[in-house]
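As structure tokens, the structure follows; a few thoughts come after it.
Counting starts at 1 for both ligands and their atoms, following the listed order. FYI, side chains are in, hydrogens and waters are out, and symmetry mates aren't considered; it's all heavy atoms of this structure.
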Amino acid sequence: MIRFLKSSLFVLGVTGLGVASAPLLAQDEVKIGFIVKKPEQAWFINEQDAATKLGQEEGFEVVRLAGEDGQQVLSAIDNLNSQGAQGFVICPPDVRLGPAIVNRAKQYGMKVVTVDDQFLGADGEPMASVPHLGMSGYKIGQQVGETIAKEMKARGWDPQSVAALRISNNELPTAKERTDGATDALLEAGFVKDNIFDAPQQNTDTSSAFAAASPVLSKNGRFEHWVIFALNEESVLGGVRASEQYGLSPDQVIGVGINGSGAAFAEFSREKPTGFYGTIAVSSTMHGRQSAENLYTWITEDKEPPANTETTGTLMTRDNWQQVREELGL
Ligand code: FCA
């Protein structure tokens, strides 16, 4: 703290400007929050780990917090303020909380960047004023659809015999982009449009996907083969578990997820293959590290991060998962 005061005064003396406009120096005590909507999911654990590691390397502190609903997010911000944090990275539990979160941060003079799920403004449009880093949802969705189509061909499935379980979350824009991308790629590859069935999930986790998938499978028992896709691998795994419970065998199911996190590694490590064929891996390490770095640079050098950074993915299957994991630093 003494160090902090000293260097702030130094900046004041040299520039003659008020404290508010003096950027912090890198050696000052910088503290940032990293708030995530699902702290128990491997994707978010890895993001927070990567941010913490960067902080250790560069000399700033990262406070890891859960924000599973609006109330919890607002108290997390209050908590960060009382600890003297200068800003936070957040993946919000509901993108429509954007304006409320930005207001609270402004009250405290904190900087905010979003990771993964971008805020929506009151007009329902993405809040371009908040720097964002996330996956390029539509393109990654297309990779999912192309992977499924290729595997259907490899297995020699007749398109008429195949149904798609589309586990959807249309309230969340990145989720809709991903499932739209997958749908378009499948249709382009000749998938039968009427054979696509929606299973709307309440949340972005395995149990909500399982609950959404089960009734759709039982209602459409006439199909011999199923493909499964969703916004992430946790949800595809929920669909795959539902297909097993319904009595489908792994060779009747092609599930392709998105993320490439511990949930997928555990599945690929099973002795026998399951209906979870693959996942489009994105680097959660890079997401956590880069978003924290962007915020840190903003705080210390007053350099606002790019408005929107879009990341890409790589197909990971049972055959190559360890290699892809290494390449992406996961
Ligand atoms: C959303 C999903 C996560 C992850 C992230 C990049 O937040 O819920 O699983 O895919 O986007």
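Ring geometry for Phe268 versus Phe276: interplanar angle of 30 to 60°, hence tilted.
Applying the 4.0 Å criterion to heavy atoms of Phe44 picks out, from ligand 1, the atoms 3 (C), 7 (O). The Met135 neighbourhood of ligand 1 comprises atoms 6 (C), 10 (O), with distances under 4.0 Å to a heavy atom of that residue.
Looking only at side-chain heavy atoms (C-beta outward), Gln118 and Pro173 stay at 4.5 Å or farther from each other. Residues Asn220 and Trp226 are in side-chain contact: their nearest non-hydrogen atoms beyond the backbone lie under 4.5 Å apart.
Residue nearest to atom 2 (C) of ligand 1, selected from Val36, Leu231, Thr204: Leu231 (by heavy-atom distance). Considering Asp116, Asn259, Val282, Asn232 only, the shortest heavy-atom separation from atom 4 (C) of ligand 1 involves Asn259.
Of the protein's non-hydrogen atoms, the one nearest atom 8 (O) of ligand 1 is Lys37 NZ, 2.9 Å. Scanning the protein for heavy atoms near atom 11 (O) of ligand 1, the closest one is Arg178 NH2, 2.8 Å.
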Exercise for review: Apply side-chain hydrogen bond (donor to acceptor under 3.5 Å, both in side chains) to the pair Arg241 and Thr206, showing each step before the final yes or no.
Suggested key: CA-CA 9 Å; Arg241 295 290 92 89; Thr206 302; over 6 Å; no

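The residue Gln118 has no part lying near ligand 1, judged by heavy-atom distances below 4.0 Å.
Clustering ILVMFWY residues whenever any of their side-chain heavy atoms sit less than 4.5 angstrom apart, transitively, puts Met286 in a cluster other than the one holding Val115. Under a hydrophobic clustering in which Ile, Leu, Val, Met, Phe, Trp and Tyr are joined whenever their side-chain heavy atoms come within less than 4.5 Å, directly or via other members, Met110 and Val73 fall into the same cluster.
Remark: distances from the non-hydrogen atoms of Asp117 to ligand 1 include one below 4.0 Å.
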